[in-house]
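Letters A, B, ... mirror the listed sequences (proteins, then strands); counts begin at 1. Computed from a predicted structure; not experimentally measured.
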Amino acid sequence: MYGLVDGNNFYVSCERVFQPRLEGRPVVVLSNNDGAVVSRSAEAKQLGIPMGAPFFKVRELLRQHQGHALSSNYVLYGDMSRRVMARLAAHVPAVEVYSIDEAFLDLHGLTTYCGTLDARVHSIRRDVLACTGIPTCVGVAPTKTLAKVANRLAKKHPELGGILRLDTPSRRERALRALPVADVWGIGYQYAGKLATHGIRTAWELSQVSEAWARKHLGGVVGWRLVQELLGQPCHGLLPSEDGTLARQSISCSRSFGQRLATFEDLWGAVATYLSRAAEKLRAQGDQAHILTVYISQDRYDTRVQPPYTRSATVTLPSGPTSNTLQLLAYAHRLLEKLYEPGRLYAKAGVVLDGLEPPGRGQQLSLFAPAAEALVPAPDTGRTQQLMHTLDTLNRRFGRGTVRPAATVVATGQAAPWQGKAQHKSQAFTTRLEDLMLID
DNA sequence: TCTGGGGTCCTAGGACCC
DNA sequence: TCTGGGGTCCTAGGACCC
């Protein structure tokens with residue numbers, strides 16, 4: 001049996017833990033750049049504010065109802081997430097951290113020790129709320145997809161007390177009949193439209209399609225697995241997360257700029273900043289990368305430039321995998337030179353690190369290394385690794401960006417030209433000493 | 001005239017998730 | 001004026017391998 005725990009309105013809930021004045025009011029949390037709504041309190045949902053709504057379209061509505069809009073504070077949410085996951089791990093044999101606010105639980109054999117499964121799950125919920133302040137809902141079912149179904153219905157129907165268990169055929173059927181097919185895990189915008197044209201409206205109707213039909217219309221084997229999971233046949237096992245974090249197969253960092261950028265120098269500043277961040281994450285995960293992608297693009301909403309200029313370039317590092325920021329920067333500069341076209345206004349840039357593996361597997365060097373030498377910086381040595389370690393240690397202790405590559409630095413007192421907006425950001429209540437709450 | 005079978009790697013694209 | 005960021009998996013086609 002699987003459990004799926006999901007924080008209610010997670011980002012809003014994190015903010016409310018430290019700002020009780022937000023209780024009972026419409027509250028939204030905004031994406032980077034204060035662009036779009038990414039988390040809504042129940043009151044904000046009641047006002048009809050949709051997920052993903054551009055902030056400028058709902059700002060007035062919020063004001064009229066004494067609501068609040070907050071810039072996203074990922075340092076806070078990440079830390080609160082760790083606390084929630086730590087509580088979950090204390091109760092069950094294995095946890096899969098699925099996202100910042102969701103985790104699958106292995107509930108196998110849980111009832112043999114004390115009470116019913118429901119009682120155990122209720123006590124987990126209570127414990128998470130008491131220890132972290134985050135309210136949750138839990139779905140319990142024999143497959144992950146059904147656990148998601150149960151979770152979704154538990155959220156929709158508060159009278160269930162935050163928990164729904166789907167472990168009998170009749171409970172399962174009743175739930176699937178009650179759930180619109182678009183709410184099924186794995187059915188997105190495109191598939192929902194296609195299913196509608198075939199007269200399939202509920203999760204139950206989806207569960208009754210044939211294997212051939214599922215394979216033909218829902219992305220091959222993916223669609224067939226989905227149907228089987230709805231029928232109670234598990235196709236996806238639990239992937240336990242070590243130490244409460246999720247090991248990634250790729251790491252990226254990208255941002256829309258606060259303003260359009262035209263010069264190579266400004267773009268390079270942005271790319272270098274994002275790459276430094278991505279490399280930090282890479283080292284934090286204890287991995288090296290051997291594939292690097294850089295991309296830049298124009299404003300995708302600018303009707304005068306359609307389609308927008310979007311280009312990416314990828315290199316498989318001839319010098320082998322690395323986590324050295326300086327070495328990655330040298331490659332990234334080459335890639336950006338390939339992509340950059342003068343005379344355009346750019347709105348966004350990003351980097352992706354792929355081909356992740358732990359160090360020390362023995363490096364596969366290019367046969368043509370001598371020819372590529374001109375563009376290959378010196379391979380990692382003990383000294384550069386020591387340098388990165390020192391960099392990370394300093395930045396952990398004194399704050400992110402205290403020591404950083406010169407390419408990312410701007411004149412004192414000036415905001416970086418690529419800097420986005422974040423006008424309503426809360427404090428780092430749990431991770432910065434100066435931001436601790438004071439009670440007098 | 002006959003023109004296999006079983007692979008890998010890469011890229012691009014499409015769908016999905018939170 | 002103002003529309004996010006960070007991920008996953010799968011498929012298909014081409015180049016190439018033995």
Between C1' on C:dG5 and CD1 on A:Ile251, what's the gap in Å once rounded to a whole number? 14 Å
For C:dC10 and A:Arg225 - does any side-chain N or O of the residue sit under 4.0 Å from the phosphate oxygens OP1/OP2? yes
Whole-angstrom distance between B:dC17 and C:dG4, as gauged at atom C1': 15 Å
Which is true for A:Asn33 with a 4.0 Å heavy-atom rule: it touches a base, it touches only sugar-phosphate, or it touches nothing? nothing
Between A:Tyr274 and C:dG6, is there a side-chain N or O to OP1/OP2 distance below 4.0 Å? no
Side-chain heavy-atom pair A:Val95, A:Asp106 within 4.5 angstrom cut-off: no
Quick one: is C:dG7 close enough that its OP1 or OP2 comes under 4.0 Å of any side-chain N or O from A:Ser252? yes
What is the distance from CZ of A:Arg248 to C1' of C:dG7, rounded to the nearest Å? 5 Å
If you assign A:Gln249 and A:Ser256 each to the DNA chain C nucleotide with the nearest heavy atom, which residue ends up on the more 5' nucleotide? A:Ser256
Consider only side-chain N and O atoms of A:Thr273 and A:Thr408, and report whether a donor and an acceptor are under 3.5 Å apart. no
Report the distance from atom OH of A:Tyr301 to atom C1' of C:dT3, rounded to the nearest whole Å. 4 Å
Among side-chain atoms of A:His68 and A:Arg25, is any donor-acceptor pair under 3.5 angstrom? yes
For A:Lys348, answer base if it contacts any base atom (sugar-phosphate contacts may also be present), sugar-phosphate if it contacts only those atoms, and nothing otherwise; contact means non-hydrogen atoms under 4.0 Å. sugar-phosphate
Can you measure A:Lys281 atom NZ to C:dG6 atom P for me and round it to whole angstrom units? 5 Å
Rounded to the nearest angstrom, tell me the gap between atom NZ in A:Lys425 and atom P in C:dG4. 17 Å
Rounded to whole Å, the CG-P distance (A:Leu282 to C:dG6) equals 15 Å
Relative to each other, are the rings of A:Tyr274 and A:Phe257 parallel, tilted or perpendicular (30° and 60° limits)? parallel
Is a salt bridge present between A:Glu43 and A:Arg16, judged by a nitrogen-to-oxygen distance below 4.0 Å? yes
Under a 3.5 Å cut-off for both contacts, is B:dC16 paired Watson-Crick or G-U wobble with anything, and if yes, with which nucleotide? C:dG7
Could you state the OH-C1' distance from A:Tyr74 to C:dG5, rounded to the nearest angstrom? 6 Å
Name the orientation class of the two ring planes belonging to A:Tyr309 and A:Tyr346 (parallel below 30°, tilted from 30 to 60°, perpendicular beyond 60°). perpendicular
Mapping A:Phe257 and A:Val221 to their closest nucleotides on DNA chain C, which lands nearer the 5' end? A:Phe257
What's the CG-P distance between A:Leu30 and C:dG4, to the nearest Å? 11 Å
Which part of the nucleic acid, if any, lies within reach of A:Arg215 when heavy atoms closer than 4.0 Å are counted: base, sugar-phosphate only, or nothing? nothing
Protein-nucleotides 16-18 of chain B N/O pairs under 3.5 Å:
residue	atom	partner	partner atom	Å
B:dC16	OP1	A:Gly188	N	3.1
B:dC16	OP1	A:Gly188	O	3.3
B:dC16	OP1	A:Gln190	N	3.3
B:dC16	OP1	A:Tyr191	N	2.8
B:dC16	OP2	A:Gln190	N	3.4
B:dC17	OP1	A:Gly186	N	3.0
B:dC17	OP1	A:Ile187	N	3.3
B:dC17	OP1	A:Ile187	O	3.2
B:dC18	OP1	A:Lys148	NZ	2.9
B:dC18	O3'	A:Ser99	OG	3.0
B:dC18	O3'	A:Asp101	OD1	2.7
B:dC18	O3'	A:Glu102	OE2	3.3

Can you tell me if A:Thr322 and A:Gln288 form a side-chain donor-acceptor pair at under 3.5 Å? no
Among A:Arg283, A:Lys281, A:Arg404, the one residue meeting salt bridge (charged side-chain N to carboxylate O under 4.0 Å, His left out) with A:Asp392: A:Arg283
